S.K.: 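Pasting in a structure now, in structure tokens, and then I'll have a few things to ask.
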Amino acid sequence: MQPWFEEAKLGIFIHYGIYAVDGVSESWSFYNGRISYEEYMKQLDGFTASKFDAEAWADLIEKSGAKYAVLTTKHHDGVALWDTQYSDLNVVKRTPAKRDIIKEYAEAVTKRGLRLGMYFSLIDWSHPDYPSVYEGGRVPEDLGSVNRFSSPVDGVQDEERWQRFLQFNNQQLREILTNYGKVDLLWFDGDWERSAEQWNLPAFKDYLKSFNPDLIINSRLQGHGDYKTPEQGIPITRPEGPWEFCTTINTSWGYVPTDHKYKSLNQIIRMFCDCISMGGNMLLDIGPREDGTIDKRQEDILLGLGDWIRTHEEAVFGTGEGIMTRYYLGGSTISKDRKTLYLFVYDDPKENVCLKGLCNPIKRITVLHSGKELTHEIHGGVPWFNIPGTTWIHMTPEDAHEQVTVLKLEFDEELEMYGGSGAVVTHN
């Protein structure tokens with residue numbers, strides 16, 4: 001695992017494809033029968049990318065505070081955003097755009113020192129050889145439930161066709177990993193329709209790493225990935241090892257003009273704080289229009305998030321996961337030397353912020369965005385049993401940031417928290 005990933009904290013996910021033409025659900029709209037495959041593919045004729053500006057995208061990503069980006073090179077519909085030599089189903093050959101979107105994206109992102117990520121669907125519901133086998137090679141008892149885009153509907157498997165498809169995937173991935181500079185991260189999707197053996201793992205991963213030994217691969221590789229990627233629901237229990245929470249700004253991954261159910265900037269910032277409090281990253285998704293422009297609501301959220309991060313960057317970058325919520329009912333991070341604790345105050349306090357279990361004397365408490373120094377008092381505690389009291393930090397709504405406030409607590413020694421159940425003292 002590369003250290004840059006856990007230090008990055010924020011990435012921007014971009015779902016861009018022909019599905020933005022009609023504003024339908026990417027790939028799933030035809031797979032689930034909401035529209036016909038033919039109707040879905042007619043969107044090829046309307047994909048112009050006429051205002052696509054990779055430099056503007058990269059500027060926005062940089063201003064958001066993100067350190068990496070991930071773009072959909074190909075979704076489950078099989079439509080490639082680059083000039084692949086192994087299929088005519090790509091936006092260069094089959095759409096009015098006639099542009100290698102991946103090339104322009106990779107150049108703009110790399111120029112700004114951002115880490116380069118590529119999403120790739122292992123599934124290809126348009127490829128004639130893909131629906132040749134069943135997951136794990138097991139023929140289902142009810143063939144009526146088999147989707148024709150995924151597996152053979154007649155119960156007859158063709159291993160030769162499946163091997164051809166694997167070769168096709170390998171060829172396309174070789175293009176992505178060799179034609180666009182150094183790719184830092186591969187974000188797979190769709191592994192669930194086949195077993196690890198059918199994906200030829202772990203040999204498949206070795207093949208990918210042969211192009212770049214430092215390549216990071218997400219967890220959607222039948223257990224052979226490098227980090228976990230929970231989706232849409234923030235983990236309640238911290239995932240083991242490196243992890244990233246991917247989520248949408250509204251409820252859609254791609255551009256859906258009728259989807260007005262946006263998360264507020266405050267909610268996005270709080271979600272981000274929750275992620276870094278548990279030692280994870282957030283991968284925040286945007287869905288550009290078919291012409292390549294980005295909805296102002298999405299742009300404003302990215303810019304607002306970036307403003308908050310720049311104001312509080314010392315609490316974000318160069319920090320590790322914070323203390324447990326049993327100590328503080330909010331998020332937090334800890335500096336690398338463990339001598340500074342950053343508390344995320346999500347709501348305006350009435351008069352105090354409460355911190356339990358702190359063993360260290362506090363040298364100083366400041367409001368990060370304003371520099372104002374705050375006072376505190378400690379109540380209770382049993383010193384002869386080394387049980388600390390409760391720390392009450394004096395803070396009122398006037399001290400608060402308009403989104404999320406960060407309090408900086410400094411200590412002379414490394415942070416120490418008490419985790420016991422208290423002392424039972426008998427009084428005569």
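Remember, it's a predicted structure, so these values are computed and weren't measured experimentally. Side chains are part of it too, since the values below use all heavy atoms of this structure and drop only hydrogens, waters and symmetry mates. All residue numbers in this chain count up from 1 along the given sequence.
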S.K.: Determine whether the side chains of D189 and Y119 contain a donor N or O and an acceptor N or O closer than 3.5 Å.
M.R.: yes
S.K.: How far apart are the closest heavy atoms of K263 and I301, and which atoms are they?
M.R.: O-CD1, 3.3 Å
S.K.: Between D83 and K98, does any side-chain N to carboxylate O distance fall below 4.0 Å?
M.R.: no
S.K.: Between E314 and K408, does any side-chain N to carboxylate O distance fall below 4.0 Å?
M.R.: yes
S.K.: Salt-bridge test for R297 and D259: reply yes if a basic N is under 4.0 Å from a carboxylate O, no otherwise.
M.R.: no
S.K.: Does either side chain, that of T229 or that of E244, offer a donor lying less than 3.5 Å from an acceptor on the other one?
M.R.: no
S.K.: Quick test of your reading: applying side chain to side chain donor-acceptor pair (under 3.5 Å), list the pairs with at least one residue in residues 101-112, sequence neighbours left out, ordered by first then second residue.
M.R.: E55-K111, E55-R112, D59-R112, R99-E104, K103-E107
S.K.: Any chance the side chains of T293 and R289 put a donor and an acceptor closer than 3.5 Å?
M.R.: yes
S.K.: Tell me yes or no: between the side chains of Y262 and Q298, is some donor less than 3.5 Å from an acceptor?
M.R.: yes
S.K.: E290 and T48: side-chain donor and acceptor closer than 3.5 Å?
M.R.: yes
S.K.: Sort and list the pairs that fulfil side chain to side chain donor-acceptor pair (under 3.5 Å) and have at least one residue in residues 350-359, not counting sequence neighbours.
M.R.: none
S.K.: Ignoring hydrogens and geometry beyond distance, is a side-chain donor-acceptor pair present between S335 and Y342 at under 3.5 Å?
M.R.: no
S.K.: Can you confirm whether the side chains of N266 and Q403 place a donor and an acceptor under 3.5 Å from each other?
M.R.: yes
S.K.: Can the positive tip of K67 be found less than 6.0 Å from the middle of the six-membered ring of F317, inside 45° of the ring normal?
M.R.: yes
S.K.: Can any side-chain N or O of W243 pair as donor or acceptor with the backbone N or O of M278 at less than 3.5 Å?
M.R.: yes
S.K.: With no hydrogens and no angle check, just 3.5 Å: does a side-chain donor-acceptor pair link H75 and S27?
M.R.: yes
S.K.: Taking I217's backbone N and O only, do any of them form a donor-acceptor pair with D226's side chain (distance below 3.5 Å, no angle check)?
M.R.: yes
S.K.: Should the heavy atoms of other residues, nucleotides or ligands under 6.0 Å from NZ of K363 be counted, would the total exceed 12?
M.R.: yes
S.K.: Is it true that the NZ or CZ of R34 lies under 6.0 Å from the centre of Y40's six-membered ring and within 45 degrees of the ring axis?
M.R.: no
S.K.: Could you tell me the separation between the OG atom of S264 and the CE atom of M271, rounded to the nearest 0.5 Å?
M.R.: 10.0 Å
S.K.: If we ignore angles and hydrogens, is there a donor and acceptor under 3.5 Å between the side chains of D274 and Y346?
M.R.: yes
